[in-house]
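What follows is a short report on a single structure.
Per chain, numbering begins at 1; letters A, B, ... match sequence-line order. Nothing here was measured: the structure is a model prediction, and the numbers come from that model.
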2 protein chains.
Amino acid sequence: MNVNEAIDLLKHNGYKATGKRKDILDYFSEQDGYRTAKDLITHLENDNETVSFDTIYRNLHLYKEMGILETTELNGEKHFRMNCAKHHHHHFICNECGRTKAIDVCPMADVKKSLANYAIEGHKFEIYGLCPNCQNN
Amino acid sequence: MNVNEAIDLLKHNGYKATGKRKDILDYFSEQDGYRTAKDLITHLENDNETVSFDTIYRNLHLYKEMGILETTELNGEKHFRMNCAKHHHHHFICNECGRTKAIDVCPMADVKKSLANYAIEGHKFEIYGLCPNCQNN
DNA sequence: TTTACAAATCGGAATCATTACGTTATTATA
DNA sequence: TATAATAACGTAATGATTCCGATTTGTAAA
């Protein structure tokens with residue numbers, strides 16, 4: 001997913017491509033890991049943009065709903081990143097810098113047989129630690 | 001892990017076995033799924049106990065550190081349950097009632113080879129949905 | 001290219017979970 | 001049972017997120 005794809009997706013679904021929405025997309029497209037709402041706000045403030053919590057959170061949720069961003073929750077705080085899912089996969093997430101590495105293993109096939117009468121609605125598989133880069137600090 | 005084991009563990013580590021600590025253990029021992037701090041507080045208030053946030057959260061964290069409780073984060077809220085880990089496993093968690101079912105599959109063995117230069121510090125594998133009981137409501 | 005209006009943003013207040021703190025009470029043990 | 005350390009109390013503070021009424025903006029049609 002890149003910025004233009006996301007903007008097309010917005011318009012296609014009847015949403016307006018506003019300045020703030022583009023700013024938010026720009027930010028996430030140039031990051032390559034999970035970032036928080038606070039990270040985004042700090043970035044926008046450094047660019048001397050006005051920032052309303054309402055706008056930030058409303059759009060983050062919208063982007064999540066539309067599959068433009070993917071999210072996870074770390075230390076009680078929601079984290080967001082551009083959706084990189086051409087196909088189903090999971091992530092290693094660096095505890096230091098938030099950068100991710102895709103993991104193609106998915107254990108769900110092995111699991112489903114043991115959950116015969118259960119209605120499965122979702123799953124989460126994440127690995128946490130330090131990426132090669134952050135181990136040298 | 002049951003209440004007596006937990007109390008022994010407390011004393012063994014130099015912690016006092018206070019009334020509040022026992023109340024908290026009693027609550028979680030009679031639940032069989034993930035519960036929040038709020039759930040616990042409500043329960044204690046219904047028993048006409050005085051409840052201080054400080055006491056609740058301090059002890060929940062203590063129990064987590066000691067391995068008496070295990071925790072997960074759902075919808076921005078920490079959830080706790082008695083630790084059931086005799087051996088390593090994961091959980092199906094019911095979105096409705098919080099009850100869990102143990103899953104013995106762990107994908108980490110398959111994953112480690114693709115993370116050769118990464119320092120792995122932890123992982124999370126959870127499955128969400130409705131348990132057989134909650135599908136009929 | 002203006003107009004109109006639905007949709008989005010703004011700014012700030014409110015909420016919810018969690019943490020912090022100074023004081024008081026309780027526990028283990030000598 | 002006296003003592004000292006630990007824990008609980010009550011409440012205030014914090015931090016992330018949500019909500020709200022007023023204002024502005026993007027878009028499609030005139």
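- Of all heavy-atom pairs between B/Glu121 and A/Asn95, the closest is OE1-ND2, 2.7 Å.
- Protein atom CZ of A/Phe53 is 12 Å distant from nucleotide atom P of D/dT18, rounded to whole Å.
- Near DNA chain C, meaning a heavy atom under 4.0 Å away, the residues from residues 56-81 of chain B are B/Tyr57, B/His61, B/Glu77, B/Lys78.
- Residues A/Ile103 and A/Met82 do not share a hydrophobic cluster, clusters being chains of Ile/Leu/Val/Met/Phe/Trp/Tyr side chains in contact below 4.5 Å.
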Would you mind writing out the side-chain donor-acceptor pairs for residues 105-116 of chain A within the sub-3.5 Å range, not counting sequence neighbours?
unit_1, atom_1, unit_2, atom_2, d
A/Ser114, OG, A/Val111, O, 2.8

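- Using a 4.0 Å cut-off on heavy atoms, none of the residues of residues 29-47 of chain B approach DNA chain D.
- For the segment residues 5-26 of chain B, the set of residues with a heavy atom within less than 4.0 Å of an atom of DNA chain D comprises B/Tyr15, B/Lys16, B/Thr18, B/Lys20, B/Arg21, in numerical order.
- Within a 6.0 Å sphere centred on NZ of A/Lys101, heavy atoms belonging to other residues, nucleotides or ligands number more than 12.
- A search for salt bridge (Lys or Arg N to Asp or Glu O under 4.0 Å) contacts involving B/Arg99 returns B/Asp32, not counting sequence neighbours.
- Between A/Asp54 and B/Ser52, the residue whose closest nucleotide on DNA chain C is further toward the 5' end is A/Asp54.
- Summarising the hydrophobic clusters (Ile, Leu, Val, Met, Phe, Trp, Tyr; side-chain heavy atoms under 4.5 Å, direct or chained), the residues clustered with B/Leu74 are B/Tyr34, B/Ile93, B/Tyr128.
- Proximity of B/Thr55 to the phosphate of D/dC9: a side-chain N or O atom is located under 4.0 Å from OP1 or OP2.
- Between A/His123 and A/His88, the angle of the ring planes lies from 30° to 60°, which puts this pair in the tilted group.
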